[in-house]
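One structure below.
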Amino acid sequence: MDKQFCENLKNARKYCNMTQKEVSIKIGVVESCYANWEQGRTEPNIDMLRKICILFNVNIDELINGRL
């Protein structure tokens, strides 16, 4: 898993003042699933990426490549 993506995901969540649990509830996954994305153990599919981007109000390019 790309470390930059993991860092961006975590930074976006923190910028929105949300916990991992809050994010997981809003996008419909269990908390451990979301935590694994931030830790780079697994990666979200495209549908989950879309939901995350809508929730954090970022585009996919920013989330994957950009510095948030």
Side-chain angles (χ1 to χ4, degrees):
M1 182 54 134
D2 181 55
K3 288 182 183 181
Q4 186 64 55
F5 169 76
C6 298
E7 184 178 317
N8 290 343
L9 185 60
K10 185 175 183 178
N11 289 341
R13 175 180 59 79
K14 287 185 173 189
Y15 182 79
C16 292
N17 295 314
M18 298 180 75
T19 64
Q20 289 182 346
K21 183 173 187 169
E22 290 170 327
V23 173
S24 66
I25 289 168
K26 289 185 182 284
I27 64 173
V29 297
V30 295
E31 184 178 354
S32 61
C33 178
Y34 179 80
N36 284 336
W37 297 341
E38 281 194 8
Q39 295 166 6
R41 293 184 184 143
T42 59
E43 57 188 37
N45 64 30
I46 192 70
D47 291 330
M48 287 295 115
L49 279 174
R50 285 185 186 115
K51 288 181 179 184
I52 291 166
C53 288
I54 290 168
L55 180 62
F56 294 154
N57 194 31
V58 297
N59 65 49
I60 289 178
D61 186 54
E62 290 172 323
L63 193 59
I64 294 172
N65 300 311
R67 301 214 184 258
L68 300 172

- prompt: Heavy-atom distance under 4.5 Å between the side chains of Lys51 and Ile54, does that happen here?
  reply: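 No - every pair of side-chain heavy atoms lies 4.5 Å or more apart.
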- request: Evaluate the side-chain proximity of Phe5 to Pro44: yes if any heavy-atom separation is below 4.5 Å, no if none is.
  value: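 The answer is yes, as the side chains (C-beta and beyond) meet within the 4.5 Å cut-off.
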- prompt: Given the rule that I, L, V, M, F, W and Y join up when any side-chain heavy atoms are under 4.5 Å apart, are Val29 and Ile60 in one cluster?
  reply: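 Yes, one cluster joins them.
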Looking at [atom1] of [X] and [atom2] of [Y], how far apart are the two atoms once the value is rounded to the nearest 0.5 Å?
{"X": "Cys16", "Y": "Lys14", "atom1": "SG", "atom2": "NZ", "value": "13.0 Å"}
{"X": "Lys26", "Y": "Lys21", "atom1": "NZ", "atom2": "NZ", "value": "13.5 Å"}
{"X": "Glu43", "Y": "Asp2", "atom1": "CD", "atom2": "CG", "value": "9.5 Å"}
{"X": "Met48", "Y": "Cys33", "atom1": "CE", "atom2": "SG", "value": "8.0 Å"}
{"X": "Asn36", "Y": "Glu38", "atom1": "CG", "atom2": "CD", "value": "10.5 Å"}

Nearest atoms (heavy-atom pairs only) where [X] meets [Y]:
{"X": "Phe56", "Y": "Met18", "result": "CE2-SD, 4.2 Å"}
{"X": "Ile27", "Y": "Tyr34", "result": "CD1-CD1, 4.2 Å"}
{"X": "Gln4", "Y": "Asn65", "result": "CG-O, 4.3 Å"}
{"X": "Asn8", "Y": "Ile64", "result": "ND2-O, 3.8 Å"}
{"X": "Gln39", "Y": "Cys6", "result": "C-SG, 4.3 Å"}
{"X": "Cys53", "Y": "Asn59", "result": "SG-C, 3.7 Å"}

query: What do you reckon, is CG of Asn57 surrounded by more than 12 foreign heavy atoms closer than 6.0 Å?
result: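 Counting other residues, nucleotides and ligands, CG of Asn57 stays at 12 neighbours or fewer.
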message: Run the side chain to side chain contact (heavy atoms under 4.5 Å, CB included) test on Glu7 and Lys10 for me, step by step, so that the C-alpha distance in whole Å, both residues' side-chain angles and the decisive distance to 0.1 Å come before the verdict.
response: CA-CA 5 Å; Glu7 184 178 317; Lys10 185 175 183 178; 5.9 Å; no
